[in-house]
Amino acid sequence: TKTPQMAEVYQWFAFPDWAYKPESSPGSRQIQLWHFILELLQKEEYQNVIAWQGDYGEFVIKDPDEVARLWGIRKCKPHMNYDKLSRALRYYYNKRILHKTKGKRFTYKFNFSKVVLVNYPLLDMAANSPFLLTQNPFNGKKNPVFVWLI
DNA sequence: GACGGAAGCA
DNA sequence: TGCTTCCGTC
């Protein structure tokens, strides 16, 4: 399985300001759900809540109620639940950000074929070979490599 | 549970 | 526009 390598890759995932909605947009500077999902996935303390599992880009929501609760806190939506959160995830299907892993409960997959590196064009070739990122020269927290899905 | 239409909200 | 809310259907 590729999962351990992925854990390394996402350890230094970070989201710059521009990854959030601009102030002009309604719902200004609100985090997007898929940002939030990646944010949880990169933190070891949430491995019992949500974790990479199976194929590359595939993750399992191990505790749907808890993910919904955390999302609700972040968005100030105290009545958030998995039914509503999963509807938001299903809207990602047409946007090609996510798709469902059919037959596997609470399992979704990021369309990482669309991953590009922004800010560091020299590492752009890594988009087709994400594991090159494990050798990233900006390992320190000072210069995280920003990753964006298109 | 998973899907997707429909309406609503900021 | 990116959800949130609600719900009928499978």
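Quick note on labels: first sequence line is chain A, next is B, and so on, each numbered from 1. What you see is a predicted model, and the numbers here were worked out from it, not measured in a lab.
A:Asp63 places its CG atom 12 Å from the P atom of B:dG1, with the value rounded to the nearest Å. The OH-C1' distance, from A:Tyr93 to C:dG2, rounds to 16 Å in whole Å. Whole-Å rounding puts the A:Asp83 CG to B:dA2 P distance at 11 Å. C:dG2 atom P lies 13 Å from atom CG of A:Asn94, rounded to whole Å. For the pair A:Leu98 CG and B:dA2 P, the interatomic distance rounds to 13 Å; values are reported in whole Å. In this entry the distance linking CD1 of A:Ile37 with C1' of C:dC3 reads 13 Å, nearest Å. The separation between A:Arg90 atom CZ and C:dC7 atom P is 15 Å, rounded to whole Å. Atom C1' of nucleotide B:dA2 and atom NE2 of A:His99 are separated by 16 Å, given to the nearest angstrom.
Judged by distance alone, with hydrogens and angles left aside, the side-chain atoms of A:Tyr108 form no donor-acceptor pair with the main-chain N or O of A:Leu98 at under 3.5 Å. Using modelled atom types, no side-chain atom of A:Lys109 and backbone atom of A:Lys100 make a donor-acceptor pair closer than 3.5 Å. Remark: the backbone N or O of A:Trp71 is not paired with any side-chain donor or acceptor of A:Lys77 at under 3.5 angstrom.
Using a 4.0 Å heavy-atom criterion, one finds that A:Lys102 contacts no nucleic acid atom at all. Across all strands shown, A:Lys77 has heavy atoms under 4.0 Å from sugar-phosphate atoms exclusively, and none from any base. The residue A:Leu85 sits apart from the nucleic acid: no heavy atom pair falls under 4.0 Å. Within 4.0 Å (heavy atoms only), A:Arg105 reaches sugar-phosphate atoms of the nucleic acid but no base atom.
Counting heavy atoms from C-beta on, the side chains of A:Leu33 and A:Tyr92 come closer than 4.5 Å.
With hydrogens and angles ignored, a donor-acceptor pair under 3.5 angstrom links the side chain of A:Arg87 to the base of B:dG5.
In this model, the phosphate group of C:dG2 is approached by a side-chain N or O of A:Lys95 to a distance below 4.0 Å at OP1 or OP2. Applying the 4.0 Å criterion to OP1 and OP2 of C:dC3, one finds that A:Gln30 has every side-chain N and O outside that range. Not one side-chain nitrogen or oxygen of A:Trp34 sits closer than 4.0 Å to the OP1 or OP2 atom of C:dG2. Residue A:Lys84 has no polar side-chain atom (N or O) positioned under 4.0 Å from OP1 or OP2 of C:dC3. In terms of phosphate contacts, A:Tyr91 brings no side-chain nitrogen or oxygen within less than 4.0 Å of OP1 or OP2 of C:dT1.
Within the model, atoms CD1 of A:Ile37 and CD of A:Gln42 stand 12.5 Å from one another, a figure rounded to the nearest 0.5 Å.
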